[in-house]
Amino acid sequence: MADTPNENRYHNGMEYRYSGTSGLLLPRLSLGLWHNFGDTDNFDTVTDMLLYAFDQGITHFDLANNYGPPPGSTETNFGKIFKWNFRSYQDELTISSKAGHRMWPGPYGDGSSRNNLMASIHQSLTRTGLEYFDIFYSNRYDGITPVEETAQALIDIVKQGKALYIGISKYPPEKAQVMYDILRAQGVPCVIYQDRYSLFTLGVEEASIPLARKNGAGFIAFSPLAQGLLTKKYLKGIPEDSRAARSGGFLQVDQVTPEKVEAARRLNELAREQGNTLAAMAIAWVLDNPLVTSVIIGSSSVKQLSDNLSALQVAPFTDEERTQIREIVSSIS
């Protein structure tokens, strides 16, 4: 395998890195639209966050067909904002979307089949008003569809001009390797792998991240704050307005364990000693991994987005700090 390009670029003060061995450059921080960009959210706030992110050098916006709520509304809102604010800057943006999780009722609105992927990308392009996505992901291995079928659909999506690059997300390592091999053989290599990566989800360091490197793909992390557990929000319990307090949310009450809360408290003390916030230190930890191309951050306001961007200013960790941090999280890893 060829070496990963190491000539990084800068734009508006933001560092960019090549995704694996490809020529695709991504900002060190990308903006994920998983939460807070749907129809239940304030459209003006959504617009302000996207514009602020772009002004700070974040040129990669990460979507999926089912982001909302309701599912699909985030892509629709993004499409409106893109049309009104970003159309003339399209060539300065990297816009990604995904399919694989449940999107619509019935037998065809879920999974990694050719049927679902083809229908999903068509719907996503219609909602956003785009002619193509820069990156399109298979968002998961569904446990049933043969990887060969999913891979061929992704290859055809690129050859039909509906996406420039292909990525995969949350695939088990053995299935990811099959996907890497098929895509490479057909001249449509997987350029990026996306998965959860935070101080509370270090398992990807052992398999998925080095596997991506081995196959010439970049690695992009999501949930670097573990759905808010690596912020000050849960240090004194579960606030009524928090994500964990909502029924049906992605962060459940039983995930806010005493071990994680105690680890977050100890990490918070270390961050304070460094002059950082817990959130900034947690994001900086993921950025510290040299095999990480970009980290997807979320936001509910311009203020929160600005706070998360401060992770770029965190001083490099010393070996002693890395050892101390890993010791703190070892009890919950």
Side-chain angles (χ1 to χ4, degrees), residues 1-11 14-32 57-64 92-98 100 132-141 147 150-151 153-155 157-159 162-198 201-224 283 285-297:
M1 186 198 76
D3 291 336
T4 301
N6 58 13
E7 183 188 347
N8 299 336
R9 308 286 182 86
Y10 290 84
H11 173 66
M14 176 68 70
E15 180 187 354
Y16 283 66
R17 286 192 178 179
Y18 287 98
S19 185
T21 56
S22 76
L24 175 64
L25 280 163
L26 292 176
R28 292 293 276 144
L29 291 180
S30 301
L31 183 62
I58 295 178
T59 53
H60 176 213
F61 298 138
D62 185 71
L63 299 149
E92 298 180 37
L93 295 173
T94 296
I95 303 168
S96 60
S97 194
K98 322 176 195 72
Y132 62 88
F133 288 110
D134 296 282
I135 306 170
F136 188 73
Y137 291 87
S138 171
N139 205 12
R140 69 179 178 117
Y141 170 66
V147 175
T150 305
L154 295 173
I155 291 165
I157 281 170
V158 169
K159 291 185 175 181
K162 296 176 181 177
L164 301 182
Y165 297 99
I166 289 302
I168 57 175
S169 177
K170 308 189 299 292
Y171 268 59
E174 65 278 7
K175 298 299 182 182
Q177 186 61 65
V178 175
M179 183 68 81
Y180 289 134
D181 290 343
I182 296 172
L183 293 175
R184 185 187 307 112
Q186 293 298 314
V188 185
C190 176
V191 303
I192 193 159
Y193 181 94
Q194 183 176 141
D195 212 337
R196 289 179 178 83
Y197 183 25
S198 74
T201 52
L202 296 177
V204 292
E205 294 179 341
E206 299 177 5
S208 296
I209 294 178
L211 186 64
R213 166 77 176 191
K214 173 186 173 184
N215 286 278
F219 181 89
I220 186 166
F222 74 91
S223 290
I283 295 170
W285 170 271
V286 181
L287 288 168
D288 188 59
N289 188 323
L291 299 185
V292 170
T293 306
S294 182
V295 176
I296 298 172
I297 56 173

Given 3.5 Å as the limit, does a donor-acceptor pair link the side chain of [X] with the main chain of [Y], or not?
{"X": "Arg140", "Y": "Gly100", "value": "yes"}
{"X": "Ser19", "Y": "Val191", "value": "yes"}
{"X": "Ser169", "Y": "Gln194", "value": "yes"}
{"X": "Arg9", "Y": "Pro27", "value": "no"}

Could you label the plane-to-plane angle of the Phe219 and Tyr193 rings as parallel, tilted or perpendicular, counting under 30° as parallel and over 60° as perpendicular?
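Phe219 vs Tyr193 ring planes: parallel.
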
What heavy-atom pair brings [X] and [Y] nearest, and what distance separates the two atoms?
{"X": "Ser198", "Y": "Val286", "value": "CA-CG2, 4.1 Å"}
{"X": "Ile297", "Y": "Ile58", "value": "CD1-CD1, 4.4 Å"}
{"X": "Met179", "Y": "Ile168", "value": "CG-CG2, 3.7 Å"}
{"X": "Arg28", "Y": "Leu287", "value": "NH2-O, 2.6 Å"}
{"X": "Asn139", "Y": "Lys170", "value": "O-NZ, 2.7 Å"}
{"X": "Ala217", "Y": "Cys190", "value": "CB-O, 3.5 Å"}

How far does [atom1] of [X] sit from [atom2] of [Y], to the nearest 0.5 angstrom?
{"X": "Arg17", "Y": "Leu25", "atom1": "CZ", "atom2": "CG", "answer": "11.5 Å"}
{"X": "Glu15", "Y": "Leu26", "atom1": "CD", "atom2": "CG", "answer": "12.0 Å"}
{"X": "Glu205", "Y": "Leu291", "atom1": "CD", "atom2": "CG", "answer": "9.5 Å"}

Thr94 and Thr59: side chain to side chain contact (heavy atoms under 4.5 Å, CB included), yes or no, with the steps?
CA-CA 6 Å; Thr94 296; Thr59 53; 5.5 Å; no

Verify side chain to side chain contact (heavy atoms under 4.5 Å, CB included) between Ile135 and Ile192, making sure each step is shown before the conclusion.
CA-CA 9 Å; Ile135 306 170; Ile192 193 159; 4.1 Å; yes

Does Lys162 NZ have over 12 foreign heavy atoms under 6.0 Å away?
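Yes - once you tally the heavy atoms of other residues, nucleotides and ligands closer than 6.0 Å, there are more than 12.
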
Less than 4.5 Å apart, side chain to side chain, heavy atoms only: is that true for [X] and [Y]?
{"X": "Ile220", "Y": "Thr293", "result": "no"}
{"X": "Ile283", "Y": "Leu29", "result": "yes"}
{"X": "Ser30", "Y": "Asp62", "result": "no"}
{"X": "Thr201", "Y": "Ser223", "result": "no"}

Is it the case that Tyr197 and Ser208 place a side-chain donor and acceptor less than 3.5 Å from each other?
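Result is no, nothing qualifies.
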
Looking only at side chains, do Tyr171 and Ser138 share a donor and an acceptor under 3.5 Å apart?
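Looking only at side-chain atoms, Ser138 and Tyr171 do form a donor-acceptor pair, the distance falling under 3.5 Å.
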
Stepwise side chain to side chain contact (heavy atoms under 4.5 Å, CB included) test for Val158 and Ile166
CA-CA 8 Å; Val158 169; Ile166 289 302; 3.4 Å; yes

When you look at Asn215 and Asp181, which way does the side chain to side chain contact (heavy atoms under 4.5 Å, CB included) test go after all the steps?
CA-CA 8 Å; Asn215 286 278; Asp181 290 343; 4.2 Å; yes

Residue among Phe136, Tyr137, Tyr165 satisfying side chain to side chain contact (heavy atoms under 4.5 Å, CB included) with Ser96:
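Running side chain to side chain contact (heavy atoms under 4.5 Å, CB included) over Phe136, Tyr137, Tyr165 with Ser96 returns exactly one hit, Tyr137.
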
